[in-house]
Amino acid sequence: MFTNREEVLEKALQVFAKMNYEKATQMEIAKACGLSKAGLVYYFPFKQDLFVAVVDKYVFHAQQLENKFQFTAGSFPEFIDQYIARVERTMNNLGRLLDNSNPYGCSFNFYYYHLLMQVRLYYPNAEKKIADIFKQNYQLWESAIQRAKENGEIRQDVDVEEAASMFWQVFFGISFEHSFLQGLNIKQLVKKLHFIYSLIKA
């Protein structure tokens, strides 16, 4: 029987990701937690409170750069590899939570994107928080590309801002596309990012 707040959040994550906010009733979530509805309400009186807590933990906290990435100094190709290694670690953590049951045969990446779509609809002021995450990622790539440019790794005519957009959007686009299939293929993603690097290297 699930009796603590963290276990409730884990089970609620699975329900919201694999159903949706409207269909995920408190009774449905309580059942997944092994609780009565009254037991669930003890932790979270309102469904939106529970949804916000789930999103704060598994989306906004998990995607904060300081919680997701820790880079050591190195070349730009090493930055790419470290970036993807941290992405893979985050994916593995989420996969352990979302692969416990798979009623629709989708990859856990798809369920996570499904949750993100709901965040945009049902989380208060979600647009600003999502925009902040995107901005952080753009700035991370910009810093790495600027450093590579200063070190002579990439051509001096490369527009740092445009190059950062290209790397981030390829990463995000491939992640989204693969979510509809068998999930993100890390090897393909790494190959694509290194190919972009080959186009701008000095």
Side-chain angles (χ1 to χ4, degrees), residues 2 4-24 28-29 31-34 40 43-44 47-71 80-123 126-127 129-138 140-141 167-190 192-193:
F2 298 97
N4 68 62
R5 188 177 187 275
E6 293 305 307
E7 289 172 319
V8 169
L9 290 176
E10 284 188 17
K11 290 301 178 181
L13 167 68
Q14 294 172 13
V15 175
F16 285 128
K18 296 179 181 182
M19 297 179 68
N20 59 54
Y21 183 83
E22 295 296 339
K23 287 182 65 178
E28 190 74 35
I29 297 167
K31 180 180 177 182
C33 295
L40 178 67
Y43 292 104
F44 297 96
K47 184 172 74 169
Q48 188 180 40
D49 294 338
L50 176 54
F51 182 74
V52 166
V54 166
V55 172
D56 283 342
K57 181 180 174 97
Y58 295 109
V59 177
F60 295 129
H61 180 78
Q63 296 300 332
Q64 285 291 321
L65 292 189
E66 62 267 27
N67 300 321
K68 190 175 182 180
F69 299 116
Q70 292 179 343
F71 295 103
I80 293 174
D81 291 340
Q82 289 182 50
Y83 185 95
I84 298 304
R86 300 307 194 278
V87 167
E88 187 172 22
R89 184 182 65 182
T90 301
M91 283 175 49
N92 289 339
N93 290 337
L94 289 168
R96 282 191 287 272
L97 295 172
L98 291 175
D99 267 354
N100 291 338
S101 63
N102 194 354
Y104 307 111
C106 299
S107 71
F108 74 86
N109 301 96
F110 179 84
Y111 292 129
Y112 194 66
Y113 274 106
H114 181 235
L115 178 65
L116 292 180
M117 296 302 105
Q118 297 176 71
V119 171
R120 184 62 183 86
L121 291 171
Y122 301 111
Y123 188 100
E127 182 176 3
K129 285 202 166 190
I130 293 172
D132 287 343
I133 289 174
F134 289 167
K135 182 179 179 181
Q136 288 177 17
N137 278 277
Y138 278 119
L140 180 65
W141 282 101
F167 276 102
W168 165 248
Q169 289 169 5
V170 166
F171 162 72
F172 195 79
I174 289 175
S175 300
F176 186 73
E177 177 185 324
H178 285 187
S179 74
F180 286 89
L181 304 172
Q182 298 302 311
L184 180 59
N185 185 316
I186 290 291
K187 289 183 179 179
Q188 283 188 28
L189 177 58
V190 170
K192 299 288 186 186
L193 295 180

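Rounding to the nearest 0.5 Å places CD1 of I130 at 10.5 Å from CD of Q63. Rounded to the nearest 0.5 Å, atoms CE (M91) and OG (S107) are 8.5 Å apart. Between the CD1 atom in I186 and the CD1 atom in I84 there is a gap of 6.0 Å [rounded to 0.5 Å]. Interatomic distance, CG of L97 versus CD of E10, reported as 5.0 Å (0.5 Å rounding). Rounding to the nearest 0.5 angstrom, the gap separating the CG atom in N20 from the NE2 atom in H114 is 5.0 Å. Interatomic distance, CG of N93 versus CD of E88, reported as 11.0 Å (0.5 Å rounding).
In plain terms, the two heavy atoms of M19 and Q118 that are nearest each other are O-NE2, 4.4 Å. Shortest non-hydrogen contact noted between A12 and V54 is CB-CG2, 3.7 Å. Of all heavy-atom pairs between H178 and N185, the closest is ND1-N, 3.1 Å. Closest heavy-atom contact between R120 and A126: CA-CB, 4.1 Å.
Side-chain atoms of F171 and N137, non-hydrogen and from C-beta on, never get closer than 4.5 Å to each other. Side-chain contact between S179 and Y112: absent, with no pair of heavy atoms (C-beta onward) separated by less than 4.5 Å.
Of the possible polar contacts, none joining the K192 side chain to the I174 backbone as a donor-acceptor pair under 3.5 Å is found.
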Please report the C-alpha distance between L98 and L115 in whole Å, then the side-chain angles of each, then the deciding distance to 0.1 Å, and finally whether the side chain to side chain contact (heavy atoms under 4.5 Å, CB included) criterion is met. CA-CA 11 Å; L98 291 175; L115 178 65; over 6 Å; no
Hey, mind stepping through F180 and N109 against side chain to side chain contact (heavy atoms under 4.5 Å, CB included) and telling me if it holds? CA-CA 8 Å; F180 286 89; N109 301 96; over 6 Å; no
Show, in sequence, the C-alpha distance, side-chain angles and deciding distance for E22 and Y122, and conclude whether the side chain to side chain donor-acceptor pair (under 3.5 Å) test is met. CA-CA 10 Å; E22 295 296 339; Y122 301 111; 3.2 Å; yes
Before giving the answer on side chain to side chain contact (heavy atoms under 4.5 Å, CB included), spell out for Y58 and L9 the whole-Å C-alpha distance, their side-chain angles and the decisive distance to 0.1 Å. CA-CA 9 Å; Y58 295 109; L9 290 176; 4.2 Å; yes
Show, in sequence, the C-alpha distance, side-chain angles and deciding distance for I80 and F167, and conclude whether the side chain to side chain contact (heavy atoms under 4.5 Å, CB included) test is met. CA-CA 10 Å; I80 293 174; F167 276 102; 4.1 Å; yes
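Note: W141 and Y83 have tilted aromatic rings, judged against thresholds of 30 and 60 degrees for the angle between ring planes. Classified by interplanar angle (parallel below 30°, tilted 30° to 60°, perpendicular above 60°), the ring pair W168/F172 is tilted.
Salt bridge annotation for K23-E28: absent, with no cationic side-chain nitrogen under 4.0 angstrom from a carboxylate oxygen.
Under the 6.0 Å distance and 45° angle rule, K129 does not count as a cation-pi partner of Y123.
Of the N and O atoms on the side chains of Y138 and Q169, at least one donor lies less than 3.5 Å from an acceptor on the other residue.
Aromatic ring centres of F44 and F51: separated by at least 6.0 Å.
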